[in-house]
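Residue numbers begin at 1 in each chain, while the letters A, B, ... track the order of the sequences. The model shown is predicted, which means the values in this text are computed figures rather than measured ones.
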2 protein chains.
Amino acid sequence: MSKKRLGNVWMGETCPIRQVLDRFGDKWSILIIELLSQEGKLRFSEIAQTIGDISQKMLTVTLRSLESDGLVTRRFYPEIPPRVEYELSDLGRSLVPHIEQLTGWGQAHMATIMENRRLFEAKRMEKN
Amino acid sequence: MSKKRLGNVWMGETCPIRQVLDRFGDKWSILIIELLSQEGKLRFSEIAQTIGDISQKMLTVTLRSLESDGLVTRRFYPEIPPRVEYELSDLGRSLVPHIEQLTGWGQAHMATIMENRRLFEAKRMEKN
DNA sequence: CAGCATCCGATTAGATACTG
DNA sequence: CAGTATCTAATCGGATGCTG
């Protein structure tokens, strides 16, 4: 692969890695997708309570963007009080196996990473 | 899975999804890992030029964190001018297939996502 | 209940200047 | 060349108040 082609591949918005990172690199999208995958249909308040430390604002924003992109479906029941249910779309479900690949890698290697980080920090300290 | 257990799974720092997101959800780590995977050994300036729009500061910070976690090796040659080469470690290489799974999904579905987003926005506009 | 609007503090990242 | 240090601008996300 020539340097010239490289530039086109890695820069700008056409780079597929950047596209995926831009879409899913935020704090909550992946977590909500995986939660909906495991629990199926969930209400707004159920998602909020399960995650625990997400603010109402961020849950709203994240769900809206997932809905906007067709990854999650939103069903509104005009009862009193109103009820809203969220569920993965087929598109959203198709992403789940890939997320779980990454999660699996994390479970296998994250302890090593944390230990590496600790050792690196220790070395850095003894130099100063 | 009971509600009680759910809380423990999805909250806090033991959640494996959050661990992976915390580590790799930043703007540059994944991109640099994939770049090093495809190009092998690269100098600091080669990475900078290939990516194009990363600042010197962020490249330094990201490479240092990747090195710290044992995902990338750094070799320093005390010549004048100095030369530094970065390369994936075995640990870093073990992550690459999973990244490429995600990238593959992105290439297959990102156009659909963007179109969904456009349609959603259009619907939103016509309501106002 | 499930949102939206606004404000504001915290974190992040770019620009710039300097160095072994 | 490959950084470090500092300052500043932009972004992100939490808290609060209000609504159908």
Atom CE of A:Met58 and atom C1' of C:dG9: how far apart are they, to the nearest Å? 15 Å
Picking from C:dG3, C:dC1, C:dT6, which would you name as closest to the side chain of A:Pro82? C:dC1
Heavy atoms from C-beta onward define the side chain here; which of C:dA2, D:dA2, C:dG14 lies closest to that of B:Phe44? D:dA2
Indicate, with yes or no, if B:Leu66 and A:Phe120 share a hydrophobic cluster defined by side-chain heavy-atom contacts under 4.5 Å among Ile, Leu, Val, Met, Phe, Trp and Tyr. no
Rounding to an integer number of Å, can you tell me how far A:Glu67 CD sits from C:dA2 C1'? 13 Å
Would the base of D:dG14 count as contacting A:Gln56 through its side chain, where contact means a donor and an acceptor less than 3.5 Å apart? no
Rounded to the Å, how far apart are B:Trp28 CH2 and C:dA13 P? 9 Å
Please report the distance, rounded to the nearest Å, between CG in A:Leu59 and P in C:dG3. 8 Å
Once you apply a heavy-atom cut-off of 4.0 Å, does B:Glu79 come out as touching a base, just sugar-phosphate, or nothing? nothing
For B:Ile80 and D:dG3, what is the distance between atoms CD1 and P respectively, to the nearest whole Å? 16 Å
Atom-pair distance (CG on B:Asp53; P on C:dA15), nearest Å: 10 Å
Below the 4.0 Å mark, does D:dC1 have OP1 or OP2 next to a side-chain nitrogen or oxygen of B:Arg43? no
Following the transitive rule for hydrophobic clusters with a side-chain heavy-atom cut-off under 4.5 Å over Ile, Leu, Val, Met, Phe, Trp and Tyr, establish whether A:Val61 and A:Leu35 coincide in one cluster. no
Once you measure the plane-to-plane angle for A:Tyr86 and A:Phe44, does it fall in the parallel (<30°), tilted (30-60°) or perpendicular (>60°) bin? tilted
Find out if a path of hydrophobic residues (ILVMFWY) with successive side-chain heavy-atom gaps under 4.5 Å connects B:Leu59 to A:Val9. yes
I want to check one thing: is the phosphate of D:dA2, taken as OP1 and OP2, less than 4.0 Å away from some side-chain N or O of B:Ser45? yes
Tell me: CG of B:Asp26 to C1' of C:dT11, nearest whole Å? 14 Å
Could you tell me the separation between the CD1 atom of B:Ile54 and the P atom of D:dA2, rounded to a whole number of Å? 14 Å
Is any side-chain nitrogen or oxygen of B:Thr60 closer than 4.0 Å to OP1 or OP2 of D:dG3? no
Both A:Arg74 and A:Lys57 contact DNA chain C. Which one's nearest nucleotide lies toward the 5' end? A:Arg74
Is B:Tyr86 touching bases, backbone alone, or none of the nucleic acid, heavy atoms closer than 4.0 Å? sugar-phosphate
Listed nucleotide nearest any side-chain atom of A:Arg64, set C:dC4, C:dC1, C:dG20: C:dC4
OP1 or OP2 of C:dG14 under 4.0 Å from side-chain N/O of B:Lys27: yes
Return the minimal non-hydrogen interatomic distance between A:Met11 and B:Thr50, and the atom names on each side. CG-O, 3.4 Å
